[in-house]
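Remember, it's 1-based here, ligands and their atoms both numbered in the order they're listed. All figures in this text were calculated on a predicted structure; none of them were measured in a lab.
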Amino acid sequence: METLKGTDIQKAARLLKEGRLVGLPTETVYGLAANALDKGAVLSVFAAKKRPSFDPLIVHLPDISHVSRYAYADETSLRLIRGFSPGPVTFILPKKKEIPDVVTSGLPTVGIRIPGHPLALELLRAVDFPVAAPSANLFGTTSPGTADHVISSLGDAVSYVLDGGPCEVGVESTIIRCSEGDVEVLRLGGLTIEAIEEVLNKKVTRIKLSSSRPEAPGMLHKHYNPGLPVHIVDFDSLPEVPAEKRVAVISFAPREVEGNVVFNEALSKTGEVSEAAKNLFGALRRAKDSGADLIWTEWVPDEGLGRAVNDRLKRASTE
Ligand code: TXA
Ligand code: MG
């Protein structure tokens with residue numbers, strides 16, 4: 001049966017209450033939402049995504065007044081939640097027992113996020129439970145930026161997709177953890193390090209990627225696999241490839257590229273890193289659909305949202 005999309009909040013709320021899965025639009029990427037207090041529903045999220053059980057889910061709430069029901073927030077976290085939520089940021093906090101262990105993969109902490117999308121907030125207010133939602137894609141692949149991406153990634157596993165249009169930010173939330181006033185960034189994302197440092201008036205620490213024991217399991221070295229080899233190149237001195245290989249070019253700004261190029265898209269027409277973030281996952285999907293054999297792409301300026309774009313490129317890349 002075809003999965004439906006639409007803007008019916010009551011229908012989405014009812015399905016969640018029944019333990020079903022719903023596509024959730026957020027400002028970052030679409031989520032695969034379930035009632036976080038319903039263990040069966042949460043297990044079906046892991047199954048639908050083919051996600052390993054050690055990779056915990058983020059819990060979504062409608063506003064800051066709900067946080068203390070599910071987690072213990074320290075002063076620095078509270079200050080940042082007040083400053084940046086609703087918004088593209090997730091806070092790792094010690095969890096309360098109300099959140100089932102299956103949501104957090106047995107960790108004593110929970111990721112809490114108040115998403116900045118009006119439909120998401122409406123749905124979160126329409127239900128009387130917290131909503132667990134990872135990105136609505138198969139584990140290890142690119143995240144969805146439209147309702148159709150959710151349907152093409154997960155099909156029947158999703159009962160309904162709340163269609164909030166294309167995601168504004170395009171990369172997932174920044175994940176941060178506060179400890180004794182210091183702020184650690186576990187995943188670069190939609191909230192920039194610059195913005196956090198400006199509010200705190202001090203530097204944050206970036207936790208390094210890992211190939212084996214990641215601090216946040218989504219911080220694995222390799223993730224975001226678009227289904228094609230991805231090579232990060234210098235477009236001014238291109239690598240040799242066999243003539244029969246069809247190439248998809250994803251550049252930062254528009255550029256002409258010689259060779260057997262079957263797809264050529266710029267992440268930004270205007271040279272803005274935020275535009276590049278918004279277009280990144282869609283461009284990787286379109287490149288895959290173009291029939292190309294491999295992708296050539298390049299680093300974007302490593303500032304603001306460009307850092308999150310480069311992080312995703314690095315982890316999508318073949319080298
Ligand atoms: O923007 C987003 O964050 C999207 C939207 C839907 O909210 N969600 C998202 O979820 O990206 P997901 O599951 O694809 O990525 C969440 C990441 C995973 O890498 C997970 O390991 C990490 O958050 N995470 C969740 N809970 C954690 C915890 N208690 N401690 C450390 N990392 C955690
Ligand atoms: Mg994900």
A.B. asks: Between the side chains of Arg14 and Asp8, is the shortest nitrogen-to-carboxylate-oxygen separation below 4.0 Å, so that they form an ion pair?
C.D. replies: no
A.B. asks: For Ser153 and Asn137, indicate whether the former's side chain and the latter's backbone hold a donor-acceptor pair under 3.5 Å.
C.D. replies: no
A.B. asks: Give the atoms of ligand 1, by number and element, whose distance to some non-hydrogen atom of Gly31 is under 4.0 Å.
C.D. replies: 6 (C)
A.B. asks: Take a 6.0 Å sphere around CD of Glu168 and say whether it holds more than 12 heavy atoms from other residues, nucleotides or ligands.
C.D. replies: no
A.B. asks: Looking only at heavy atoms of Ile58, does any of them come nearer than 4.0 Å to an atom of ligand 1?
C.D. replies: yes
A.B. asks: Can you find an N/O atom of Ser173 closer than 3.5 Å to an N/O atom of ligand 1?
C.D. replies: yes
A.B. asks: With heavy atoms of Ile92 as the reference, note each atom of ligand 1 found under 4.0 Å away.
C.D. replies: 27 (C), 28 (C), 30 (N), 31 (C), 32 (N), 33 (C)
A.B. asks: Before signing off on this row, confirm whether Lys49 and ligand 1 have an N or O atom pair separated by under 3.5 Å.
C.D. replies: no
A.B. asks: What are the atoms of ligand 1, with element, lying closer than 4.0 Å to any heavy atom of Thr109?
C.D. replies: 28 (C), 29 (N), 30 (N)
A.B. asks: Would one find an N, O or S atom of Asn137, in either backbone or side chain, under 2.8 Å from the Mg ion (ligand 2)?
C.D. replies: no
A.B. asks: Between Asp128 and Lys17, does any side-chain N to carboxylate O distance fall below 4.0 Å?
C.D. replies: no
A.B. asks: Taking atom types as modelled and ignoring hydrogens, do the side chains of Arg20 and Ser44 form a donor-acceptor contact shorter than 3.5 angstrom?
C.D. replies: no
A.B. asks: Find all atoms of ligand 1 within a distance of less than 4.0 Å from any non-hydrogen atom belonging to Glu172, and give their numbers and elements.
C.D. replies: 1 (O), 2 (C), 11 (O)
A.B. asks: Which is closest to atom 33 (C) of ligand 1 by heavy-atom distance: Gly111, Pro56, Pro108?
C.D. replies: Pro56
A.B. asks: State plainly whether the residues Glu27 and Arg113 are in salt-bridge range, i.e. N to O under 4.0 Å.
C.D. replies: yes
A.B. asks: Below 4.0 angstrom from a heavy atom of Ile175, which ligand 1 atoms are there? Numbered from 1 as shown, please.
C.D. replies: 17 (C), 22 (C), 23 (O)
A.B. asks: Looking at ligand 1, does any of its N/O atoms fall within less than 3.5 Å of an N/O of His60?
C.D. replies: yes
A.B. asks: Short N/O distance, under 3.5 Å, between Tyr30 and ligand 1?
C.D. replies: no
A.B. asks: Within a reach of under 6.0 Å around NZ of Lys96, are more than 12 heavy atoms found that belong to other residues, nucleotides or ligands?
C.D. replies: yes
A.B. asks: Between Val67, Ile99, Val89, which is the residue that forms a side chain to side chain contact (heavy atoms under 4.5 Å, CB included) with Ile112?
C.D. replies: Val67
A.B. asks: Just jot down the ligand 1 atoms closer than 4.0 angstrom to any heavy atom of Asp55, in number order.
C.D. replies: 18 (C), 19 (O), 20 (C), 21 (O)
A.B. asks: Check Asp63 with Arg125, please: is the shortest side-chain N to carboxylate O separation under 4.0 Å?
C.D. replies: no
A.B. asks: Would you mind listing which atoms of ligand 1 come within a distance below 4.0 Å of any non-hydrogen atom of Leu107?
C.D. replies: 28 (C), 29 (N), 30 (N)
A.B. asks: Could you establish whether Arg177 and ligand 1 come within less than 4.0 Å of each other, counting only heavy atoms on the residue side?
C.D. replies: no
A.B. asks: With ring pair (Phe, Tyr, Trp, His ring centres under 6.0 Å) as the test, would you mind laying out the steps for Tyr224 and Phe281 before giving the verdict?
C.D. replies: CA-CA 9 Å; Tyr224 308 109; Phe281 289 136; 5.5 Å; yes
